[in-house]
Undergrad: 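Would you mind keeping the following structure in view while I ask a few things?
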Amino acid sequence: MCMHQPPCPAAVDSDREAAHTLSVRAEQGWSLLCNGVLLFEDTGELLPDGQVIAPHRPEPLPPSTQVKGVVAA
């Protein structure tokens, strides 16, 4: 159970990625959050119940919608 104040979001909450990080394994590309979620560097997630959340990186803007002088990431 989370001992943080205010408590971290539960693994089933939409803001689950806001939970505190307990452990980082950068060489393996994942972090364990306080709510039991494994967060992968590609933004995919593995929830404590075994549910897989697909990576959800934002898509780069097409060239026609980029702001002049700003490069899309």
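No hydrogens, no waters, no symmetry mates; every other heavy atom, side chains included, goes into these values.
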Undergrad: Under 4.5 Å between side-chain heavy atoms, counting indirect links through other Ile/Leu/Val/Met/Phe/Trp/Tyr residues: same cluster for Leu32 and Phe40 or not?
TA: yes
Undergrad: Checking side chain to side chain contact (heavy atoms under 4.5 Å, CB included) between Pro7 and each of Met3, Gln5, His4, which is the one that passes?
TA: Gln5
Undergrad: Count I, L, V, M, F, W, Y as connected when their side-chain heavy atoms are under 4.5 Å apart, and connections chain through other members. Are Leu39 and Ile53 then in the same cluster?
TA: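 In one cluster: yes.
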Undergrad: Identify the two heavy atoms, one from Leu33 and one from Arg16, that lie closest to each other, and give their separation to 0.1 Å.
TA: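 Heavy atoms only, the tightest pair is CD1-O, 3.7 Å.
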Undergrad: Please determine whether residues Val52 and Val37 belong to a single hydrophobic cluster, defined as Ile, Leu, Val, Met, Phe, Trp and Tyr linked transitively by side-chain heavy-atom distances below 4.5 Å.
TA: no
Undergrad: Going by the side chain to side chain donor-acceptor pair (under 3.5 Å) test, which pairs reach into residues 21-37, not counting sequence neighbours?
TA: Ser23-Arg25, Gln28-Trp30
Undergrad: What are the two closest heavy atoms between His20 and Cys8, and how far apart are they?
TA: ND1-SG, 3.2 Å
Undergrad: Which atom pair, heavy atoms only, marks the closest approach of Ala11 to Pro48?
TA: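 Minimum heavy-atom separation between Ala11 and Pro48: CB-CD, 3.5 Å.
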